[in-house]
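Residue numbers start at 1 and run along the sequence shown.
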Amino acid sequence: MSELIWKTAVELAAMIKRGEVSAVDVLKAHLERIDAVNPALNAIVTYLPEEALALARAADEKQARGDDLGLLHGLPIAHKDLFETAGIRTTMGSAAFSDYIPEADDLIIARLKRDGCITIGKTNVPEFGAGSHTFNPVFGATCNPYDLSRTCGGSSGGAAVALAAGMIPIADGSDMGGSLRNPASFCNIVGLRPTPGRVPSYPKGNAWSTLSVDGPMGRTVQDVALMLQAIAGYDSRAPISLEQPGSAFAADLERDFAGVRMAWSPDLGGLPIDPQVTATIEAQLPVFGDLGCIVDEAAPDFSDAYEIFQTLRAWNFELSFAEHFAQFGEDAFKETIRWNAAQGRKLSAGQISRTEAKRTELFHRVREFLETYEYLLLPTAQVPPFPIETEYPTEIAGVAMKTYIDWMMSCAYITVTGLPAISVPCGFTADGLPVGLQIVGRPRADFAVLQLAYAFQEATRFYEQRPPLDETD
């Protein structure tokens with residue numbers, strides 16, 4: 001059974017469909033793992049083993065009848081606690097919502113269920129996903145499996161830890177300023193921020209916003225591509241959703257990269273980066289040369305990206321929390337949420353309109369840069385995983401951080417371009433802490449991003465280095 005937890009999602013799905021193992025076998029192996037390691041990690045916070053066993057038995061009965069099976073048939077999954085799940089407690093990591101039980105599933109959850117996933121519970125998040133450090137007043141903090149004294153990142157932190165520790169084979173997440181990418185970097189897994197609209201979101205308070213997206217996480221690029229097949233594709237309720245079906249991501253990830261030009265930017269033109277992060281990534285850059293790529297040190301002009309992200313994020317927070325504040329009072333929410341929403345209330349129409357104009361100019365500068373270079377390589381996170389008792393880094397390489405999200409700009413700058421980006425394992429610091437490489441592609445070139453990430457993964461295979469948990473694997 002223990003060997004099953006380290007199979008990839010692709011391997012497990014194939015084994016179940018061939019009848020080599022049952023959905024119940026796979027689930028029991030993962031439940032055993034959860035019972036062994038989750039008490040120390042606190043990744044899965046609402047846990048439904050009996051309900052999951054009933055779902056797994058039903059899945060096996062469905063297969064025995066010869067019914068059509070979904071892409072993810074029999075795969076256990078725990079959903080991010082920001083996603084609404086019908087009949088399952090959804091707290092948002094907030095004391096105000098600690099007993100909330102939704103009546104309907106968010107669209108991404110409905111699609112995962114449609115394709116056969118077995119829900120075993122929910123994964124931990126920061127309060128309302130604010131900040132890339134997973135702790136909240138309902139469930140507490142989630143520990144990094146590579147060092148229990150360190151953060152796992154966020155906001156899809158519980159999902160990343162559950163994956164890294166072998167508790168689930170795939171996970172769902174969302175990303176505004178790096179919430180799919182940052183915890184992937186901190187936990188030695190893969191997190192893809194798709195093009196906005198690639199994975200449609202419903203319901204959503206601002207359906208036209210491209211700042212926050214839903215997406216897949218896995219231990220391998222192949223697993224991320226598998227999950228994307230299930231969750232991508234048009235939905236009429238999501239006005240920015242893309243027409244391309246999820247089946248497009250079933251294509252071969254193998255590609256010849258001979259002569260492909262890409263840019264490596266160690267700091268996106270001036271962001272402070274911890275030297276450990278830079279050294280870890282630069283040690284692996286020769287891999288791209290071995291793949292036949294031409295790598296130059298270069299970066300597009302990211303002028304105004306900081307202002308754009310902070311302004312649009314504040315605007316979104318004002319929209320998202322105005323009703324919650326009216327219902328529960330502002331004191332029911334953590335200080336950083338109150339601050340971010342207050343920043344939004346201060347914005348004028350002129351500030352917002354000028355920000356949108358600057359964002360348009362930024363997009364075209366980056367787009368033109370990517371006419372020369374097919375990819376942009378850069379650090380996912382500006383720091384390695386930091387101590388779990390630290391709310392957020394207040395300085396990097398001697399540079400003071402002005403706000404609780406300043407340390408996330410290596411991801412946030414990419415967010416406002418709308419470009420697809422992935423974090424893939426890139427090695428470890430001298431202290432054994434994971435470091436991720438961020439690969440950014442051209443507009444809507446999600447599949448090309450997966451292809452390069454796959455080539456790098458297969459050349460380096462850092463995903464095979466499991467966390468040093470006390471449990472004997």
Checklist outcome for this item: Separation between CZ (F83) and CG (D172), nearest 0.5 Å, reads 5.0 Å
Checklist entry - Do N124 and T142 get their side chains close enough for a donor-acceptor pair, meaning under 3.5 Å? => result yes
Next on the checklist: Any salt bridge linking R461 with E464? Criterion: basic side-chain nitrogen under 4.0 Å from a carboxylate oxygen.
Outcome noted: yes
Checklist entry - Are the charged groups of R365 and E368 less than 4.0 angstrom apart, N to O? => result no
Checklist entry - Which heavy atom of L362 sits nearest a heavy atom of D301, and at what distance? => result CD1-O, 3.5 Å
Does [X] reach the main-chain N or O of [Y] with its side chain, forming a donor-acceptor pair under 3.5 Å?
| X | Y | answer |
| --- | --- | --- |
| T90 | E84 | no |
| S241 | R237 | no |
| E307 | T355 | no |
| T380 | Q438 | yes |
| K80 | G158 | no |
| N136 | E127 | no |
| S348 | Q351 | yes |

Item to check | Other residues, nucleotides, ligands: >12 heavy atoms within 6.0 Å of E103 CD | outcome: no
Checklist entry - Do other residues, nucleotides or ligands put more than 12 heavy atoms under 6.0 Å from E323 CD? => result no
